[in-house]
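All remarks here apply to the structure that follows.
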Amino acid sequence: MDDFASDGEAVPRRRLSPGLSVRALVPNAITAAALCSGLTGIRFAISAYEGNPAHLEKAVQAIILAGLLDGIDGRAARLLKAQTRFGAELDSLADSISFGVAPALIVYLWTLHQVPSFGWIAALAFAICCVLRLARFNARLDMLDQPHKAAGFLTGVPAPLGAGLAFLPLYLWIATGWSEFANPIAVSIWMVLVAFLMISSIPTLGWSRMRPPSHLRLGVIALVGLTMAALLTEPWFTLVAVTIVYLLLIPVGLAIYVRVKRQGQS
């Protein structure tokens, strides 16, 4: 039955949106698992700050696990044809915590707390910029005019990779034990730089642009296998190497984008 307004006209009753389908449960459950992993990273960081330094490594590992799960949930949704707006919003909210709030708190509890004012501002800058990046991504979901995306590029550094970049000084400190890598002023500056990379308009390489030519694919498979073996034997030095390689790919991606744009205009 229709509801009636004060002037007597019928007002159609709003229909509630249907619940999540069974197929949509799988990718959203993976997203929830990634969120739990990110929050657990905060718990380990607090434990390390309270006197259990070994838990600092577990905090970083929890964020890395969250990043792996974040890479799976979207692909699971596409594979199951279970892409929903709810899933997209949940993913962004989970990412803002796992790759924005959690890394900021982990790094702050590790070394930035030694310079409370400047260190906290750097941690806030990182967390806020991560949230702003995700908000920008959501705002552009329905936009047709996205030149970076149309050319196979991303805009700025993605949130999970931003978290990985933020941890570079921590990787180096764990791998070498050198106190220089834990300098709170230097780490604060690094966090702010990574924060601006996330919200920048710099075109970065997307998966569609990282397809190796056919004659190099066997080598890529071997390289991935060797990287996994290195992660098992020397995880922190390997993470340093992977992070540096990604940093080097940023100007490479920019150069490729400029070339592609010029070819499109010619």
Problem set entry | Atom pair CD1/CD1 of I63 and I106 - distance to nearest 0.5 Å | 4.0 Å
Exercise. Would you call the rings of H55 and F44 parallel, tilted or perpendicular, where under 30° means parallel and over 60° means perpendicular?
Worked result: perpendicular
Problem set entry | Rounded distance [0.5 Å steps], CG in N52 versus CD1 in I46 | 12.0 Å
For this session: Answer yes or no: is there a donor N or O on one side and an acceptor on the other, between the side chain of T111 and the main chain of A182, under 3.5 Å?
Result: yes
For this session: Using modelled atom types only, decide if a donor and an acceptor are shared between the side chain of R133 and the backbone of A195 within a distance under 3.5 Å.
Result: no
Exercise. Which pair of non-hydrogen atoms, one from C130 and one from A159, has the smallest distance, and what is that distance?
Worked result: SG-CB, 3.8 Å
For this session: Indicate the ring-plane relationship of W120 and Y108, choosing parallel, tilted or perpendicular according to the 30° and 60° boundaries.
Result: perpendicular
For this session: Indicate whether any N or O donor in one side chain lies under 3.5 Å from an N or O acceptor in the other, for E50 and S47.
Result: no
Problem set entry | L218 atom CG, over 12 foreign heavy atoms within 6.0 Å | no
Exercise. Quick one: CG on L112 to OG on S117, what's the gap to the nearest 0.5 Å?
Worked result: 12.0 Å
Problem set entry | Heavy-atom pair of closest approach, residues L69 and I30 | O-CG2, 3.4 Å
Problem set entry | G156 backbone acceptor or donor facing S200 side chain under 3.5 Å | no
For this session: Taking all heavy atoms of A102 and all of G38, pick out the closest pair and write down the distance.
Result: CB-O, 3.6 Å
Exercise. Where the side chain of T155 meets the backbone of P203, is there a donor-acceptor pair that is under 3.5 Å apart?
Worked result: no
Exercise. Should we count OH of Y49 as having more than 12 external heavy atoms under 6.0 Å?
Worked result: no
For this session: Walk me through it: do I97 and L93 pass the test side-chain contact (heavy atoms from CB on, under 4.5 Å)?
Result: CA-CA 7 Å; I97 295 174; L93 289 171; over 6 Å; no
Problem set entry | Check: T204 side chain, V157 main-chain N or O, donor-acceptor pair, under 3.5 Å | no
For this session: Quick one: list whatever passes side-chain hydrogen bond (donor to acceptor under 3.5 Å, both in side chains) with S37, sequence neighbours left out.
Result: none
For this session: Mark yes or no for whether R136, through its side chain, and I199, through its backbone, hold a donor-acceptor pair below 3.5 Å.
Result: yes
Exercise. Does N183 reach the main-chain N or O of I185 with its side chain, forming a donor-acceptor pair under 3.5 Å?
Worked result: yes
Problem set entry | Check: W236 ring centre within less than 6.0 Å of W173 ring centre | no
Exercise. Between CD1 of I202 and CG of L254, what distance do you get to the nearest 0.5 Å?
Worked result: 7.0 Å
For this session: Scan I174, V187, L168, T176 and name whichever one has a side chain to side chain contact (heavy atoms under 4.5 Å, CB included) with F181.
Result: T176
